Amino acid sequence: MCLPVYQARIRDWPSDQDEIEKGFFGDAAYEQAGDLEGQFFHERRFLSYYCDNGSMMSLDGGAMTFYTPHVEKFHLSYFYGDIITESNKYLFANMYQQFPEGMETVFQETDLWFMSSEEARELAEKYLDLLNVEYGDEWICYAVSSDRITEVQKKMYPDEQWEYTKEDDNYFFEIPLAVNGWMLNTGGVKVDNATTLQGSYARAMVGPSGLWFLDVWMPFETVGESEARPVITGESAMQCAEEWYSQLLGAGKIELENLGIRYVAQCNTVRDAEAFELIPTWMIKATFQDGTRSLLPVDAYTGERR
C-alpha cells in the first residue's frame, strides 16, 4: 500500500455564520456576544453566542463548543474514554480511578427510551455535517441512564444528594475526526514552541430534547499532498512496537493491538495555520499488567517511533 503525506490546515468556520447559528439555535432568540481575535491561530476569529433559552456556542478557529443548560447536571469528564484518555492518562487519572472497569462497562451502549442509539448518532451527524466536519466511523457510544448516573454521582460525592430522572437520560458520543477518509490521531497538535492542543476529535451529548452538547477540536482540511510512498505492513508495525516495549525496564507483560493507520499532525512553523503535515502512522495500543493503556505511534514509512 502507498500513501501520501498531506499538507493541511486546521479547518476554520465559515465567515457567514447564519446557517450555523440557525442550525443550532433554531427559532429561539440569540445574540452575538463577542467577535475577537482567535486564541490559537493568526487571522482567525473568536465568535461567541448566547441564546435566550440558556444555550451557548463559541467558534474559535478550529475549536467549537455548543452546550445547553441540560449539561450542567453532568461532569463531562466522566465520559472521556479511549479516544482522549489513552493519550492523556495523567490528566484524566481521576476518571481511571473512578471507573477501573471501563466507561463502556458502566454506561454500556443500548437503546434508551426516547430514541435509539442509531437515531441519536444520526442527529449528531447532522450537526457535524452542518459544520462541514469530516468524521470517522468508529464512534464510541455511552448510554447514560438516570439510575447509573445517580449511582456514579453518589459514589463520587457521598455527602450530596443526586437524583436523576429519565428526562436526564442521554447518549454521549466520542467521535474520531478524519481527513480524506483516514482517521486522524487524537494526540496533541503543536501550534507553537510551548503550546500543544488536544485534537482532533469531537464529542456529543444527545438527550430527549435533542442535542445537548457538541465539542469539536481541530478538524483538518488538506491543501496539498506529496507523492504516495510505500508503507510498512501492520505486522511489521506491531513487531516494531514489541521491540520498543521489550526495552522498557520493568514493563512486564504487555498486550499489543494494532488500531490501524491514522494520520498524525506535525507542525513546521510557529503559529502558522497552513504549516501542518499529516503523516501516515500505524497506531498501536499497549495494555500493561496493571490495566493502564498507552498508544505508540509507529511511522508507517520507516517503522520508527513517532
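Counting begins at 1 with the first residue of the sequence. Since we're looking at a predicted model, the values are computed, not measured.
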Open item on the list: Test side chain to side chain contact (heavy atoms under 4.5 Å, CB included) on M238 and I284; report intermediate values, then the result.
Closed with: CA-CA 7 Å; M238 288 280 284; I284 310 299; 3.9 Å; yes
- [ ] Over all heavy atoms of both residues, which pair between D168 and N170 is shortest? Give the atoms and the distance, please.
- [x] O-ND2, 3.0 Å
Open item on the list: Quick check: do T222 and R9 have side-chain heavy atoms less than 4.5 Å from each other?
Closed with: no
Per-pair distances, 0.1 Å, donor-acceptor, side chain in residues 120-128, under 3.5 Å, sequence neighbours excluded:
unit_1 : atom_1 : unit_2 : atom_2 : d
R121   : NE     : E125   : OE2    : 3.1
R121   : NH1    : D137   : O      : 3.3

Open item on the list: Working to the nearest 0.5 angstrom, can you tell me the gap between N53 CG and D27 CG?
Closed with: 11.0 Å
Open item on the list: Taking side-chain contact (heavy atoms from CB on, under 4.5 Å) as the definition, give me every residue that meets it alongside Q108, ordered by chain and number, with sequence neighbours left out.
Closed with: none
Open item on the list: Could you check whether E255 and T287, counting side-chain N and O atoms only, form a donor-acceptor pair closer than 3.5 Å?
Closed with: no
Open item on the list: Applying the side chain to side chain donor-acceptor pair (under 3.5 Å) criterion to Y164, which one of E151, K73, Q153 satisfies it?
Closed with: Q153
Open item on the list: Check for me whether the distance between the ring centres of F213 and F66 falls short of 6.0 Å.
Closed with: no
Open item on the list: For residues V133 and M57: do they belong to one hydrophobic cluster (side chain heavy atoms under 4.5 Å, members Ile, Leu, Val, Met, Phe, Trp, Tyr)?
Closed with: yes
- [ ] Find the distance between OG (S200) and CZ (F220) and round it off to the nearest 0.5 Å.
- [x] 4.5 Å
Task: Nearest-0.5 Å distance that lies between atom CG in L47 and atom CD in Q32 - done: 5.5 Å
TODO: Measure centre to centre between the rings of F107 and F172, then say whether the value is under 6.0 Å.
DONE: no
TODO: Output yes when a side-chain donor or acceptor of Y49 lies under 3.5 Å from a complementary backbone atom of L59, and no otherwise.
DONE: no
Open item on the list: When you compare the side chain of L184 with that of M218, does any pair of heavy atoms fall below 4.5 Å?
Closed with: no
Task: Option passing ring pair (Phe, Tyr, Trp, His ring centres under 6.0 Å) with Y171 (candidates Y142, F114, W212) - done: F114
Open item on the list: Treating T150 as the side-chain partner and S146 as the backbone partner, does any N or O pair qualify as donor plus acceptor under 3.5 Å?
Closed with: yes
Open item on the list: If I compare all heavy atoms of C51 with all of A28, which pair ends up nearest, and what's the gap?
Closed with: SG-CB, 3.5 Å
TODO: Establish whether Y30 and L130 are linked, either directly or via other cluster members, by ILVMFWY side-chain heavy-atom contacts under 4.5 Å.
DONE: yes
Open item on the list: Just by distance, no angles: are the side chains of D169 and W113 close enough, under 3.5 Å, to form a donor-acceptor pair?
Closed with: yes
Task: Spacing of CG belonging to N258 relative to CG belonging to L296, to within rounding of 0.5 Å - done: 10.5 Å
Task: Nearest-0.5 Å distance that lies between atom CG in D60 and atom CZ in F46 - done: 5.5 Å
TODO: Indicate yes or no: at least one non-hydrogen side-chain atom of V231 is less than 4.5 angstrom from one of C2.
DONE: no
Open item on the list: On a heavy-atom basis, which atom in C141 and which in S117 lie closest, and how many Å separate them?
Closed with: SG-CB, 4.2 Å
TODO: Please report the closest heavy-atom contact between A241 and V298, naming both atoms and the distance.
DONE: CB-CG2, 4.5 Å
Open item on the list: Are F25 and Y50 an aromatic pair, judged by ring center distance below 6.0 Å?
Closed with: no
Task: R148 side-chain N/O to V106 backbone N/O, donor-acceptor pair under 3.5 Å - done: yes
Open item on the list: Could you check whether any side-chain N or O of Q7 sits under 3.5 Å from a backbone N or O of E225, counting only pairs where one atom can act as donor and the other as acceptor?
Closed with: yes
- [ ] Please lay out, stage by stage, how L214 and T65 fare under the test side chain to side chain contact (heavy atoms under 4.5 Å, CB included).
- [x] CA-CA 6 Å; L214 180 64; T65 300; over 6 Å; no
Task: Heavy-atom side-chain proximity of V179 to E221 below 4.5 angstrom - done: no
- [ ] Scan side-chain atoms only and decide if D147 and S145 contain a donor-acceptor pair under the 3.5 Å cut-off.
- [x] yes
Open item on the list: For a 4.5 angstrom cut-off between non-hydrogen side-chain atoms, does S55 reach F24?
Closed with: no
Task: Intermediate values then yes/no, side chain to side chain contact (heavy atoms under 4.5 Å, CB included), V264 and M283 - done: CA-CA 10 Å; V264 176; M283 200 62 63; 4.1 Å; yes
Open item on the list: Looking at I279, is its backbone amide N or carbonyl O close enough to the side chain of T281 to form a donor-acceptor pair, meaning the two atoms are under 3.5 Å apart?
Closed with: yes
Open item on the list: Do L131 and W139 land in one hydrophobic cluster if side-chain heavy atoms of ILVMFWY residues count as linked below 4.5 Å?
Closed with: yes
Task: Pair Y201 + Y135: ring centers closer than 6.0 Å - done: no
Open item on the list: Between R11 (side chain only) and N132 (backbone N and O only), is there a donor and an acceptor less than 3.5 Å apart?
Closed with: yes
TODO: Compare every heavy atom of A178 with every heavy atom of G136, then report the nearest pair and how far apart it is.
DONE: N-CB, 3.9 Å
Task: Salt bridge present between E163 and K154 (N-O < 4.0 angstrom) - done: yes
Open item on the list: To check you understand the geometry: which heavy-atom pair defines the closest contact between A202 and V216, and what is its length?
Closed with: CB-CG2, 4.1 Å
Open item on the list: Before you tell me yes or no, could you show the steps for L259 and W282 under side chain to side chain contact (heavy atoms under 4.5 Å, CB included), namely the whole-Å CA-CA distance, both residues' side-chain angles and the distance that decides it to 0.1 Å?
Closed with: CA-CA 7 Å; L259 300 179; W282 287 102; over 6 Å; no
- [ ] Kindly check if the number of other-residue, nucleotide or ligand heavy atoms within 6.0 Å of OH (Y67) is above 12?
- [x] no
Open item on the list: Between H70 and S209, is there a side-chain heavy-atom distance shorter than 4.5 Å?
Closed with: yes
TODO: Could you check if a side-chain atom of F173 sits within less than 4.5 angstrom of a side-chain atom of E109, using non-hydrogen atoms only?
DONE: no
Task: Side-chain donor or acceptor of D299 paired with backbone N/O of T302 under 3.5 Å - done: yes
- [ ] Drop me the distance from S58's OG to M64's CE, to the nearest 0.5 angstrom.
- [x] 7.5 Å
Open item on the list: Check this for me: E242, atom CD, are more than 12 non-hydrogen atoms of other residues, nucleotides or ligands nearer than 6.0 Å?
Closed with: no
